[in-house]
Amino acid sequence: MRTFQYILGDFVNALFSTASFQERFNLYVQCVEKLGFEGRVVYTFLPLFSLEREGALFPATPEFIYTDGYPIDFLGHYVKEDLDRYDVSIKKIKRNDFSLTNYRAHANTVGLQPDESHFDKLATQVYGCINALCIPAAGVSGISAINMVSHEQPYLFNHLMAERSALLLQVTQLFHSLVLSDAQTCTRFTSPFLPSLNDTEITILRYVASGKPFKNIQDHTGISYRYASKVLDKLRDKLGGINRDRLLYLAGFLRL
């Protein structure tokens, strides 16, 4: 049997030999299972403008990529009831803390606020998520997050974490870095969060993303500077009040 010291190298070779997100995700899950974890995994991409806006974390229905056995009813409940408000890992991310969150260890050491206790009871008692991890990473376009749940008894899970959490973190960070550096994959996950754009809005965004002086927009598009400015302000409002630089970045990133 190959020892765990070879897992990382095998994973890297396989990961860079494939191009599609789904194949990479499958390879990641296989690696997680080789490390001894249950492989109940969900992947979520959170655009930065989603974190910047007030209100719901998911202004549109997100695309969750998950494995068989992951409690998908919990995902639906999470989005419908805006459970991100009570989620320890999301609170950390919004503080620019991207460290691994072991929910059970956090509850036992740091402790839970009343709203976090509500989230914890729901996850454990209703959906059977006895142990759970969140491993996020930040990129220029958004947050790449892996969540894992386990039905094992805590003492078994803790033993596994003590032995292999460092390698699990390395594997996950490699996966995140590849996903976040792939513009096509990021566009796939970011586009559902954008509002429907009309032809005028697309024309204006394409122009500003080109880097040409905005004051000259009428010369190139026939749209007046004053009207184009109003359109950009409305788009910023639609996206939760993001600043103009972020809006222009998204226009270029999404290749409108």
Side-chain angles (χ1 to χ4, degrees), residues 1-16 21 24-46 64-71 74-75 78 84 86-113 116-117 119-121 123-124 127-139 142-181:
M1 179 181 293
R2 294 171 68 84
T3 59
F4 288 112
Q5 71 186 69
Y6 295 100
I7 286 181
L8 185 60
D10 290 347
F11 176 66
V12 170
N13 290 335
L15 196 65
F16 283 89
F21 172 83
R24 289 170 175 169
F25 180 70
N26 292 343
L27 287 169
Y28 172 77
V29 174
Q30 291 168 15
C31 187
V32 165
E33 292 175 335
K34 287 178 182 178
L35 288 175
F37 295 91
E38 289 185 26
R40 302 176 193 268
V41 180
V42 63
Y43 175 83
T44 311
F45 184 95
L46 300 173
F64 293 112
I65 308 298
Y66 52 85
T67 60
D68 292 339
Y70 195 91
F74 178 57
L75 298 179
Y78 191 102
D84 59 282
Y86 318 128
D87 189 336
V88 171
S89 65
I90 297 298
K91 290 181 178 181
K92 287 173 61 176
I93 289 171
K94 288 186 173 182
R95 297 195 302 266
N96 292 316
D97 179 354
F98 299 99
S99 60
L100 180 151
T101 298
N102 182 333
Y103 286 85
R104 187 61 43 233
H106 181 92
N108 293 337
T109 55
V110 179
L112 299 175
Q113 300 296 320
E116 297 166 352
S117 294
F119 177 85
D120 181 67
K121 289 179 180 178
T124 56
Y127 294 100
C129 305
I130 298 174
N131 307 285
L133 303 174
C134 178
I135 311 173
I143 307 301
S144 182
I146 286 284
N147 282 79
M148 299 172 51
V149 299
S150 167
H151 296 167
E152 292 177 331
Q153 291 301 312
Y155 75 93
L156 293 174
F157 186 80
N158 291 340
H159 179 72
L160 190 62
M161 286 292 292
E163 284 192 343
R164 300 168 196 169
S165 61
L167 189 50
L168 173 66
L169 186 59
Q170 280 186 293
V171 165
T172 307
Q173 289 173 336
L174 280 167
F175 175 78
H176 280 320
S177 64
L178 193 57
V179 170
L180 290 169
S181 65

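In this chain, numbering begins with 1 at the start of the sequence shown.
- Between I90 and L46, the closest side-chain pair of non-hydrogen atoms falls below 4.5 Å.
- Under a 3.5 Å cut-off, the side chain of H106 and the backbone N or O of S89 do not form any donor-acceptor pair.
- Here CG of L169 is found 12.0 Å from CD1 of I146. Values are rounded to the nearest 0.5 Å.
- Y78 has its side chain within reach of D87: a pair of non-hydrogen atoms, C-beta onward, lies under 4.5 Å apart.
- Of all the heavy atoms in A138 and F98, the pair that sits closest is CB-CZ, 3.6 Å.
- When side chains are defined from C-beta on, L180 counts as touching F45, because their heavy atoms get closer than 4.5 Å.
- Taking CD of E38 as the start and CG of N131 as the end, the distance is 8.0 Å to the nearest 0.5 Å.
- Within the 4.5 Å cutoff, side-chain heavy atoms of R104 are placed close to those of D120.
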>> Pair L168, L160 - check side-chain contact (heavy atoms from CB on, under 4.5 Å), show working.
In response: CA-CA 10 Å; L168 173 66; L160 190 62; over 6 Å; no

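- Residues R24 and V179 are not in side-chain contact: their nearest non-hydrogen atoms beyond the backbone lie 4.5 Å or more apart.
- Remark: side-chain polar atoms of R40 are paired, donor with acceptor, to backbone N or O of G69 under 3.5 angstrom.
- The structure places CD of Q170 at 11.5 Å from CD1 of I7, a figure rounded to the nearest 0.5 Å.
- Note that the CG atom of N102 and the CZ atom of F157 stand 5.5 Å from one another [nearest 0.5 Å].
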>> For a side-chain contact (heavy atoms from CB on, under 4.5 Å) check, start with the C-alpha distance between D10 and K34, then their side-chain angles and the critical distance, and finish with the verdict.
In response: CA-CA 11 Å; D10 290 347; K34 287 178 182 178; 5.6 Å; no

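- Rounding to the nearest 0.5 Å places CG of N108 at 15.0 Å from OH of Y103.
- Residue F25 places its CZ atom among more than 12 non-hydrogen atoms of other residues, nucleotides or ligands, all under 6.0 Å distant.
- In H151, the NE2 atom is crowded: over 12 heavy atoms of neighbouring residues, nucleotides or ligands sit closer than 6.0 Å.
- Under the 4.5 Å side-chain criterion, counting only non-hydrogen atoms from C-beta, T124 is not in contact with I130.
- Here OH of Y43 is found 7.0 Å from NE2 of H176. Values are rounded to the nearest 0.5 Å.
- By the neighbour-count criterion of 12 heavy atoms within 6.0 Å, atom CG of N13 is densely surrounded, having more than that number from other residues, nucleotides or ligands.
- The ring of F119 has its center no closer than 6.0 angstrom to the ring center of Y86.
- One N or O on the side chain of T67 and one on the backbone of G39 form a donor-acceptor pair closer than 3.5 Å.
- Nearest heavy atoms, P136 versus S99: CD-O, 3.8 Å.
- Between S150 and F37 the shortest side-chain heavy-atom distance does not fall below 4.5 Å.
- Tested against Y28 for a side-chain contact (heavy atoms from CB on, under 4.5 Å), the candidates L178, L174, V41 yield a single pass: V41.
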> Where do Y70 and F64 land on the side-chain contact (heavy atoms from CB on, under 4.5 Å) test, with the steps shown first?
Replying inline: CA-CA 11 Å; Y70 195 91; F64 293 112; over 6 Å; no

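- Residues T44 and L75 have side chains not in contact (no heavy-atom distance under 4.5 Å, counting atoms from C-beta outward).
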